[in-house]
Amino acid sequence: MVKVITYGTFDLLHYGHVRLLERARALGDWLIVGVTADDFDRSRGKINVQQSLMERVEAVRQTGLADEILIEEYEGQKIDDIRRLNVDIFTVGSDWVGQFDYLNAYCRVVYLERTQAVSSTQLRADQQRLRLSLIGDAAEWTALGKMARESRYVNGLEVCALCVPGMDAPVDGLPDVAWFSDPHAAMEQADAVYLITAQQHGLARDALNSGKHVLCELPYAASVRECRELIELAKQKNCLLMPALKTAYATAFERMILLLQSGVIGRIVNIESTCTSLLKPGAEPVSSLHSWGPTALLPVLRLLGDGWVRKSALTTRHEGSSADAFTRVDFVYPHAAASIKVGNGVKSEGELVISGTKGYLYVPAPWWKTDYFEVRHENPADNRRYFYQLEGEGVRWELAAFVSAVQRGEAAPRMDEAMCMAVSRVMEEFWDGVGVVEI
């Protein structure tokens, strides 16, 4: 019996996929199909996969062409699979010619001509063409530029307008993006808007009322009431309101959360999350809790939720300013505790430490850009290190998640409504002085 193996994502299974599988099957007596896992696809830069792994596996199964289906999860698995399953022929589309010649040492390699003019990439682009306007304050010009540049890696997404309210186009502007000084004019050009501005609550409300989807930095608003109003408005208008918190969409962070939820360090007892930065020369002081709070709170809210029973804060302000230069917020939960430390003008080690009953998880500074973390135990021999690629600091994953959520008509999976309101609650209580001590 001649065994044949092939691999692919098989997203939005189409005629080209079926023809490839038919021709692969014709090469032998037994066809094994490897469907790539979501995380492995991301590590290869394929970030716009629309269907879940199990949906793609089921689509391949329903063709009736695969005698055996397996999941491809890591680099080098092809060699392991070929050896383990005694494969005679490895085959893949001709767009990969030469890329898998090294497998000739283990079996015969055959490159098959692909069906012309059929592509999952093109299908994704056709299905989810989304025009996005970027609106932000002048101080956020770097973030706006990064968002525009990273959008080019996301299929079916086009940044069509850039706006800093009241500001003429800068000299270092993006030449292929239209510039607007009026945010409402920028909104009119697009299907969706990204907001990073002190006026984002009002602009988000206007965008939603205009039927636009909104990708908005946290906190959505300065109060829980206003945050809830935006969430309810989005539902009324059948629009997506999604938090723009890039760390939440990074592969390493998501894998870290899943690993912790599996009990790898036992019951979580304490979380220490630190995010700080120094002010740039000549920059106006800004609130450390407003700028860093949502990121620092992310692991706390994802792992422990919003059910704390007590909260207190220590803060110190910039001289001559109401903005806090450094703030520490402590949370007490029924069976755990957490602390966030944020600074904008005060520097500390930006690490994340999560303590459990069987060990602890450590993410080195700057943890919010993590592509690596460690799980440590009493016996060092049991320690494990985990590495993941992080291109664009997570921005492109954030944009891909936004496009996918719009296309599917679903809420963003990594930050639910309760978490978004919890961020606004922490901010509101801090500005109201609830449980706050100045030092």
Side-chain angles (χ1 to χ4, degrees), residues 1-115 118-121 124 251-252 254-256 258-259 262 264 371-372 375 384-391:
M1 182 172 65
V2 176
K3 289 187 176 182
V4 182
I5 194 166
T6 189
Y7 296 82
T9 302
F10 302 105
D11 190 34
L12 304 174
L13 192 84
H14 52 67
Y15 175 68
H17 289 138
V18 175
R19 283 288 298 134
L20 191 71
L21 292 175
E22 288 175 341
R23 295 165 69 193
R25 185 175 179 80
L27 293 173
D29 308 301
W30 187 266
L31 178 61
I32 305 165
V33 179
V35 181
T36 55
D38 303 71
D39 283 340
F40 187 47
D41 266 330
R42 287 175 182 168
S43 72
R44 301 184 303 161
K46 208 167 195 176
I47 63 175
N48 272 68
V49 176
Q50 292 298 290
Q51 295 178 297
S52 70
L53 174 61
M54 296 318 298
E55 286 175 321
R56 292 182 283 119
V57 167
E58 184 58 27
V60 171
R61 192 187 314 280
Q62 288 182 6
T63 67
L65 296 169
D67 296 295
E68 187 174 345
I69 299 174
L70 53 84
I71 309 301
E72 185 183 22
E73 299 183 276
Y74 59 90
E75 194 70 41
Q77 183 177 331
K78 292 180 177 67
I79 293 175
D80 292 344
D81 290 341
I82 289 168
R83 285 174 163 174
R84 177 173 57 86
L85 299 170
N86 296 314
V87 169
D88 301 287
I89 298 172
F90 167 86
T91 187
V92 72
S94 58
D95 50 335
W96 293 96
V97 167
Q99 296 293 313
F100 296 104
D101 288 353
Y102 70 93
L103 293 177
N104 277 308
Y106 307 95
C107 67
R108 179 185 167 204
V109 175
V110 176
Y111 296 101
L112 296 171
E113 286 297 322
R114 296 186 70 93
T115 305
V118 182
S119 163
S120 293
T121 299
R124 287 192 292 267
T251 300
E254 186 61 21
R255 295 297 292 173
M256 181 192 80
L258 292 173
L259 194 63
S262 74
V264 68
D371 56 3
Y372 155 76
V375 173
R384 294 291 180 269
R385 296 181 176 184
Y386 299 82
F387 297 86
Y388 300 89
Q389 276 188 290
L390 180 69
E391 298 91 350

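Because the structure is a prediction, the values reported are computed rather than measured. These values consider heavy atoms only, across backbone and side chains, with no hydrogens, waters or symmetry-generated copies.
For the pair T63 (side chain) and L65 (backbone), a donor-acceptor distance under 3.5 Å is present.
Residues M256 and Y386 form no side-chain contact, since every pair of their non-hydrogen atoms from C-beta on lies 4.5 Å or further apart. Looking at Q62 and L13, their side chains never come closer than 4.5 Å, going by heavy atoms from C-beta outward.
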In sequence, state the C-alpha distance, the side-chain angles, and the governing distance for D81 and R84, and then conclude on salt bridge (charged side-chain N to carboxylate O under 4.0 Å, His left out).
CA-CA 5 Å; D81 290 341; R84 177 173 57 86; 3.0 Å; yes
Please test R25 against D67 for side-chain contact (heavy atoms from CB on, under 4.5 Å), starting from the C-alpha separation and ending with a verdict.
CA-CA 9 Å; R25 185 175 179 80; D67 296 295; 2.6 Å; yes
- Query: Yes or no on side-chain contact (heavy atoms from CB on, under 4.5 Å) for L20 and H17, after CA distance, side-chain angles and deciding distance?
  - Reply: CA-CA 5 Å; L20 191 71; H17 289 138; 5.8 Å; no
**OP:** Evaluate the criterion side-chain contact (heavy atoms from CB on, under 4.5 Å) for residue pair V110 and V4; output intermediate values, then yes/no.
**Re:** CA-CA 10 Å; V110 176; V4 182; over 6 Å; no
Item to complete: Quick one: do R61 and E58 satisfy salt bridge (charged side-chain N to carboxylate O under 4.0 Å, His left out)? Show the steps, please.
Response: CA-CA 5 Å; R61 192 187 314 280; E58 184 58 27; 3.4 Å; yes
Evaluate the side-chain contact (heavy atoms from CB on, under 4.5 Å) criterion for residues R83 and I79: first the C-alpha distance (whole Å), next the side-chain angles of each, then the deciding distance (0.1 Å), finally the verdict.
-> CA-CA 6 Å; R83 285 174 163 174; I79 293 175; 4.1 Å; yes
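Here the CD1-CD1 distance, from I89 to I82, works out to 11.5 Å after rounding to the nearest 0.5 Å. If you take NZ on K78 and CD1 on I5, they are separated by 9.0 Å, rounding to the nearest 0.5 Å.
The nearest pair of heavy atoms linking A252 to D371 is CB-CA, 4.1 Å. Y7 and Q77 make their closest contact through OH-O, 4.3 Å (heavy atoms, listed as atom of the first residue, atom of the second, distance). Contact between R56 and A37 at its shortest, heavy atoms only, is NH2-C, 4.2 Å.
The closest side-chain donor-acceptor pair between T6 and T91, if any, does not fall under 3.5 angstrom.
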Please tabulate, for the side chains in residues 99-107, all donor-acceptor contacts under 3.5 angstrom to protein atoms that are two or more places apart in sequence or on a different chain.
| from | atom 1 | to | atom 2 | distance (Å) |
| --- | --- | --- | --- | --- |
| D101 | OD1 | Y111 | OH | 2.8 |
| N104 | OD1 | V109 | N | 3.3 |
| N104 | ND2 | D101 | O | 3.1 |

